[in-house]
> 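One structure follows; several queries about it will come next.
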Amino acid sequence: MKVKLFDIFKIFFIIGIQLLGGGYVIVPLLQKYIVEERKWLTEEELVDYFAMSQCIPGIIAGNIAIFSGYKARKFLGSIMAILGIVTPSFICIILLANLLTSVVSNPIVHNAFWGIRISVIILILVTIKDIWKKSVNSKFTYFMYFFILISLIILPVSPTVIIIVSALLAILHSKLEGRKDA
Amino acid sequence: MLKLYFLLSYEFLKIGIFALGGGYAALPFLYYIQKQYNWFTVDELTNMIAVSNITPGPIGINMATYTGYTTAGIIGSILSTFAIVFAPFIFTITIIKIFNKFKSCSIINDIFLGLRPASCALLTSIGLQLFIQTVSNSENLSFSSMHFDYRAIILFLILIVPFSFIKKNPLLVIIAGAIGGIILKSF
């Protein structure tokens, strides 16, 4: 069954409204609305899109939206997805910009956003827990996870480098495995 | 005015092409625009970044919309928002086309076998970094400026228990965090 274009716009609009505290929140939001409720994507696809979005220039949340929209309804779907993500922030900024300038310095708002940082950490943790089983489940993938995590902690490497290095390691791994089988 | 529209689109198109790694990567470009064109003051820019942080939506998009709006009104904001997503859109569609063409190749599947744990590791490090920043109350990780904030750990422990068990609802977690932040930090 074809996904309705307006539906794509609507869902990404709803996700856009809830995108508070940084773009990474889009991963749990997509998981809830698109993977679990609507099944436009599988969990693996979401993880793959997240990885690829890291190495494409541009805003990560926007890139994942384009990927997901494309999966749902090809080219037009991706346009609907990016429009849906952009519209809430657009409306907010145009209507509230002047008002918000005074709100920013308000200590209560400040404290609320301090708390939201903790929420974002929890959302990230829950997301990792969900995608873990399908991503880290063999000797090689365990090695990759810890290898990359440790290099990220020790060195200030950019995500792009990380994704490229992991792709190369994965190719090397499959070549070695292939030789073993042969 | 036409020249202003053109420059605005050009600068944000550039940000779209070169800002790798999410919204914050756009910051240095915005400071460059400030210095180069003087469309807004540094104070205004700081304010715009702060507002972008508390407005829903990807921070990079918010900053583009806001800067465009401050510089050249509604048309400016439409142009800058459109310009910042234009190049990534083309890149992403191209990647999808290439990806779909080679999807059946076993090498693509092998690559994703490595990318998925890398994604998990990236998310983990983002979470860790945010956690350390919030607990140590500092943006940069220099130990001299660290103030240990036990309230961050309290809020973390309060939130982690219910939200790792009940059906997750991202908005609910965000709201609970905001309320918790106000209560813990205000008193």
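Numbers restart at 1 for each chain; the letters A, B, ... are given by sequence-line order, proteins then strands. Heavy atoms only: backbone and side chains are in, while hydrogens, waters and symmetry mates are out.
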> Under a plain distance cut-off of 3.5 Å, with no hydrogens placed, do A/Y70 and B/T92 share a side-chain donor-acceptor pair?
no
> Quick one: which of A/I124, A/I121, A/L125 gives a side chain to side chain contact (heavy atoms under 4.5 Å, CB included) with B/F131?
A/I121
> Identify, with sequence neighbours excluded, every residue that meets side chain to side chain contact (heavy atoms under 4.5 Å, CB included) alongside B/N109.
none
> Show me, pair by pair, the donor-acceptor contacts under 3.5 angstrom made by side chains of residues 77-87 of chain B, not counting sequence neighbours?
unit_1: B/S77; atom_1: OG; unit_2: B/I74; atom_2: O; d: 2.7
unit_1: B/S80; atom_1: OG; unit_2: B/A64; atom_2: O; d: 2.8
unit_1: B/S80; atom_1: OG; unit_2: B/G76; atom_2: O; d: 3.1
unit_1: B/S80; atom_1: OG; unit_2: B/S77; atom_2: O; d: 3.2
unit_1: B/T81; atom_1: OG1; unit_2: B/T65; atom_2: OG1; d: 3.1
unit_1: B/T81; atom_1: OG1; unit_2: B/S77; atom_2: O; d: 2.6

> So which residues of residues 2-12 of chain B are in contact with chain A at a heavy-atom cut-off of under 4.5 Å?
none
> Please step through side-chain contact (heavy atoms from CB on, under 4.5 Å) for the pair A/I163 and B/L122, ending with a clear verdict.
CA-CA 9 Å; A/I163 296 296; B/L122 270 171; 4.0 Å; yes
> Given a strict heavy-atom distance threshold of 4.5 Å, which part of B/I95 is in contact with chain A: side chain, backbone, both, or neither?
side chain
> Contact part of A/I116 toward chain B, heavy-atom cut-off under 4.5 Å: side chain, backbone, both or neither?
both
> Going by heavy atoms in the side chains, are A/S78 and B/I93 under 4.5 Å from each other?
yes
> Quick one: are B/F89 and A/I82 in side-chain contact, heavy atoms under 4.5 Å?
yes
> Looking at side-chain heavy atoms only, is the closest gap between B/I107 and A/S174 below 4.5 Å?
no
> Taking side chain to side chain contact (heavy atoms under 4.5 Å, CB included) as the definition, give me every residue that meets it alongside B/Q36, ordered by chain and number, with sequence neighbours left out.
B/Y32
